[in-house]
Structure formats: structure tokens, C-alpha cells
There are 2 protein chains.
Amino acid sequence: MSHLQQVGHQVQVSDLYAMNWKATLDSRDFPARQPGRFDASLDSAVAFKDDTQNADIKAEQQKLLWADTVIFQFPLWWFSMPAIMKGWFDRVYAHGFAYGVGEFSDSRWGDRYGEGVMTGKRAMLLVTTGGWDSHYSARGINGPIDDLLFPIQHGCLFYPGFSVLPPLVLYRVQKMQPSAFTEACQQLAQRLDTLATTTPIPFRRQNFGDYQIPAMTLRDDILPEQGGFAVHVQES
Amino acid sequence: MSHLQQVGHQVQVSDLYAMNWKATLDSRDFPARQPGRFDASLDSAVAFKDDTQNADIKAEQQKLLWADTVIFQFPLWWFSMPAIMKGWFDRVYAHGFAYGVGEFSDSRWGDRYGEGVMTGKRAMLLVTTGGWDSHYSARGINGPIDDLLFPIQHGCLFYPGFSVLPPLVLYRVQKMQPSAFTEACQQLAQRLDTLATTTPIPFRRQNFGDYQIPAMTLRDDILPEQGGFAVHVQES
């Protein structure tokens, strides 16, 4: 944060543990909801539209709208985010805010995957792991780190419209020697200094011809016979 | 549950919302910890060894040890588990219980990925989605469901030793018609009736020759030139 401020950025921080962030999305998030069965999506939609969401959710949405770049920092726990951060997405990403936005028709399938409220904003993951980097390599037993992060980078960030910068992943951090720590700090500073100029991951946008609607499958003539996460990144 | 009991199984249920399950792993989970910086892994290891974990964590560990089969049911939120269930893994999977177990040497890298405390037990995911099944197909925009579930099935279930049965995924559930619901119930009943006989996903075990230690990369002569999640499943 001090590095970003030194070079002239304004910074807001959401330290979820320090904030004692409520991780679980539940009916208490929508104090004006009608009695009856809790419906996470429907109750969220009504509360967002009527401006009756809990204050902590609304404050985080305002921070997102304020930012031009968002950095998500977390340790990889069980190959994903810690629960408290997952609960940030579950709760802050309201229906009508981060999903269920835009027109659903024969030619468009909502403002998502490259369009949405975060369009024009950049996001980057800053991830630490206990495991070695080779364990997360293309043939490493944990699975390639890019694939492990796909549900977050593509599913949580690109989905509502963020341009997603390549992540900075620091491995084996609990055994990090001072020299490696210094090097990691330099890496991070370099990434912070180039947030505005780094080329985002070229995920394919949904409503611009690459996908069949409403099946939302990649057009047959693009990378035929291939599947998996990688086909959703444009070839260079 | 009633179906399982009718055919003679004993069943314990952990309904995380009904239990008001604490989702966030933090220092309060280890009431006997030494003051100082919280270390999720180290504090967990000490508390597990000294039997000073919080009672809710210990109770879930006991249920796991008791069970021969565990079914994890959840709606897919943002391409993963809801935070409350992620927090179940973060907290119940203690160091010394689900990871950090066994010998680390030139010939073994802990009891994990096919070995561990859950060896001999079966696990299955029961997942519901809002999106259509084609969106989760091999070329669907969300990514293939098997790849989205890999961090859970391989990283959370196979890791501590579970045999992982193919998941039952029910799509588009909020728009499900009565006939489709009846069909889904029949599918589920069929899966419950065959829990003991269904062939598990043939994930490669770590310490049985397929991986180089300590790099933990797949041996060069196995599926050469290939990478990604799929190489960790044995060819049939």
C-alpha cells in the first residue's frame, strides 16, 4: 500500500480479517426481505434493487465502483481462496450488480464475461502458497496454477467485466529466506508499477461472436476438437 | 437421508447453515495457542496434536472418522463451494489430520493424494447449478464441470485419501419442472444405492511411481507433452 501511495495512487484496503468480515451469505444480509424460504439469488436481487442490502455489502460495492484497479491478495488454502474471501464474493457480488445484469436474448446472454459493471477496471491476484512451484507446474501434481486460478480469474473477475492481469504467485512462502523475500518485494513493486500497462489475460468475451447463444459453447470452427479452460483464452 | 436409512445405512448430517457453522479459520479456533502472530498451519498442528482444537472442529473430524462414505452437497456459487463449506474444509482439515501427515523423504512425500486418514472411505459431490449444462460442457464458457470441480475432488477429497466417486451434478435447478425434479430424485436414489459399487475416479496416487519426488511432476514417459488436470487421471 505504501508503495502505491508513494507513486501517487489513492488506496483503499479491505482487510477482511481485521474487519471481522461476515463470510456466510444468509438471510440476515437482507433485513427487509419478505418472510419465507431464503433464496440467495432472488433475495439478493430484491435487496440490491431496493437498496436494502446490509451496510457492509454496500460499502464493498462502493469501493469496487470507486477503484480503477483491484488487487486480491490471499494465501491458497485447499487450492482456492480462504472461506472469508469466498464469502466476500458470495455476498458483495449481488444479483443485479455482478450477475443477472443486462439483456438475455438470442444475440446476448447478459453483461458478463468481458462486460458488466467492472468494465474498464483491472484486477490482479496476489497469491501465496505453501507448496513448491514445481507442484503447480503444467505437469505438477496439484494441477497447473493457471487452471487452479481459472474459476477465480475467469469466473469471478472476468465475469463481471474486469480486465484480469496475470497473477503474481509466490510459492513456498513459509520457508522463504530473506534474500528471496527481498526479491519477492521487488517483483511485487514491479507489478504495482506496471498495473496500468501490463497486458491482461486475453479471455474471450462472450457476446462478440466466439460463442453460440444460448448454448454458450465455443464456436465449432474455433480450436476444433479442443476443450478445457485454455480454449477460453485467445491464441496470441 | 431417509432413502439411505431405509436401505439400512446409519447417517449423520452436518447441515452447516442449521449448525450456524463458523466459516472463518482464525486464532479463536485454538484457545490454547501461544500469544503472538497467528500461523494457520502451525497453530492448527499444535492444537491437533495437543487435542486443544475447538469442539466444533473436533466433532466434524470424529464424524469423518466414523463414516465409510461422505456426501458433500452444495450449490455451485461463483464456480466453487459457498464460503460456509469452504470454511468447513479450512477448519476441519487440520494439520496432522488432513495434511502434513506421514513421511517426507526421497521416496515419499507425505500421506496424500491417495493415502491419508481417509483411506478406504468414499466421497461424492452432489452439486446444483443455476446455469445450463451446456455452459459447463467441454467447450462451454464456464469451463468443463469436471475441471471446475478438480480443486475440490482432487485437492480436497483425494488429497487426504478419499476414493472419489463421479459427482452428481444437477443443472438449472431453480427452473426445474416437476418431471425433471422426479427424474433428479431417481438419479440420486440410483447413485445412493450404488455408493459401494460405483467405480471411483482413477486419480493417480502420489507415492506409487507415477510422480518424481520431490518435484511432484508426472514422470516424463507418462502422457509426454501433455499437461493440465486430466493427466492426473489414469487412462482407462
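Because only heavy atoms are used, hydrogens play no part in the values below, and waters and symmetry mates are left out as well, while side chains stay in.
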**Student:** Which residues from residues 72-83 of chain A are near chain B, with near meaning under 4.5 Å between non-hydrogen atoms?
**Tutor:**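 Under the 4.5 Å heavy-atom cut-off, A/W77, A/W78, A/F79, A/S80, A/M81, A/P82, A/A83 qualify.
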**Student:** Counting only heavy atoms not in B/D15 (residues, nucleotides, ligands), do more than 12 fall under 6.0 Å from its CG?
**Tutor:**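 For B/D15, atom CG is crowded (more than 12 foreign heavy atoms under 6.0 Å).
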**Student:** Pick one of side chain, backbone, both or neither for A/P160, based on which atoms fall under 4.5 Å of a heavy atom in chain B.
**Tutor:**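 No part of A/P160 comes within 4.5 Å of chain B.
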**Student:** Go through A/A230, A/S41, A/G143 and name the one with the most non-hydrogen pairs under 4.5 angstrom from chain B.
**Tutor:**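 Looking at each option in turn, the highest pair count goes to A/G143.
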**Student:** Checking heavy atoms, do the side chain of A/Y211, its backbone, both or neither come under 4.5 Å from chain B?
**Tutor:**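 Looking at A/Y211, just its side chain touches chain B.
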**Student:** Do you know which of A/A23, A/G87, A/A215 has the most heavy-atom pairs under 4.5 Å to chain B?
**Tutor:**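 Heavy-atom pair counts peak at A/A215.
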**Student:** Is it the backbone or the side chain of A/R112 that comes under 4.5 Å from a heavy atom of chain B, or both, or neither?
**Tutor:**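 Side chain of A/R112 only, per the 4.5 Å heavy-atom cut-off to chain B.
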**Student:** Regarding B/N142 and A/Y113, do their side chains bring together a donor and an acceptor under 3.5 Å, going by distance alone?
**Tutor:**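 Judged by distance alone, the side chains do pair up.
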**Student:** If contact means a heavy atom pair closer than 4.5 Å, which residues of residues 125-138 of chain B contact chain A?
**Tutor:**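 Heavy-atom contacts from residues 125-138 of chain B to chain A are B/W132, B/S134, B/H135, B/S137, B/A138.
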**Student:** Specify which of A/Q226, A/M216, A/H154, A/R139 makes the most heavy-atom pairs with chain B at under 4.5 Å.
**Tutor:**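 Highest number of heavy-atom pairs under 4.5 Å: A/R139.
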**Student:** How long is the span from the CD1 atom in B/I84 to the CG atom in A/D26, to the nearest 0.5 Å?
**Tutor:**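 Atom-to-atom, B/I84:CD1 and A/D26:CG are 7.5 Å apart.
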**Student:** Which one wins on heavy-atom pair count under 4.5 Å against chain A: B/C156, B/G155, B/G227?
**Tutor:**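 The candidate making the most pairs under 4.5 Å is B/G155.
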**Student:** Chain B heavy atoms under 4.5 Å from A/W109: which part of the residue, side chain, backbone, both or neither?
**Tutor:**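 The side chain, not the backbone.
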**Student:** Quick check on the interface: out of A/W88, A/F89, A/Y159, A/F150, who has the most heavy-atom pairs with chain B under 4.5 Å?
**Tutor:**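 Sorted descending by pairs with chain B, the first entry is A/Y159.
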**Student:** Distance check, rounded to the nearest 0.5 Å: A/D147 atom CG versus B/D147 atom CG?
**Tutor:**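 The CG atom of B/D147 is 7.0 Å from CG of A/D147, to the nearest 0.5 Å.
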**Student:** Is it true that atom CD of B/E103 has more than 12 heavy atoms of other residues, nucleotides or ligands lying nearer than 6.0 Å?
**Tutor:**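 Yes.
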**Student:** With a sphere of 6.0 Å drawn around CD of B/E235, does it hold more than 12 non-hydrogen atoms of other residues, nucleotides or ligands?
**Tutor:**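 More than 12 heavy atoms, drawn from other residues, nucleotides or ligands, come within 6.0 Å of this atom.
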**Student:** Are there more than 12 heavy atoms of other residues, nucleotides or ligands under 6.0 Å from atom CZ of A/F181?
**Tutor:**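 Count not over threshold, so no.
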**Student:** Do you know which two heavy atoms are closest between A/P151 and B/L148, and how far apart they sit?
**Tutor:**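 Shortest heavy-atom contact: CG-CD2, 4.0 Å.
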**Student:** Indicate yes or no for a side-chain donor-acceptor contact from B/H232 to the backbone of A/G140 under 3.5 Å, with no hydrogens or angles considered.
**Tutor:**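 Checked: pair present.
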**Student:** For chain A, which of B/V231, B/I141, B/T217, B/L218 has the most heavy-atom pairs under 4.5 Å?
**Tutor:**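 Most pairs with chain A among the choices: B/I141.
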**Student:** For each of B/L16, B/L42, B/L223, tally heavy-atom pairs with chain A at distances under 4.5 Å, and name the one with the top tally.
**Tutor:**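 When all of B/L16, B/L42, B/L223 are compared, B/L223 has the most.
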**Student:** Please name the pair of heavy atoms, one in A/Y17 and one in B/L25, separated by the smallest distance, quoted to 0.1 Å.
**Tutor:**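 Shortest heavy-atom contact: OH-O, 2.6 Å.
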**Student:** For A/N20 and B/R28, which heavy atoms make the closest approach, and how far apart are they?
**Tutor:**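 A/N20 and B/R28 have their closest heavy atoms at OD1-NH2, 4.3 Å.
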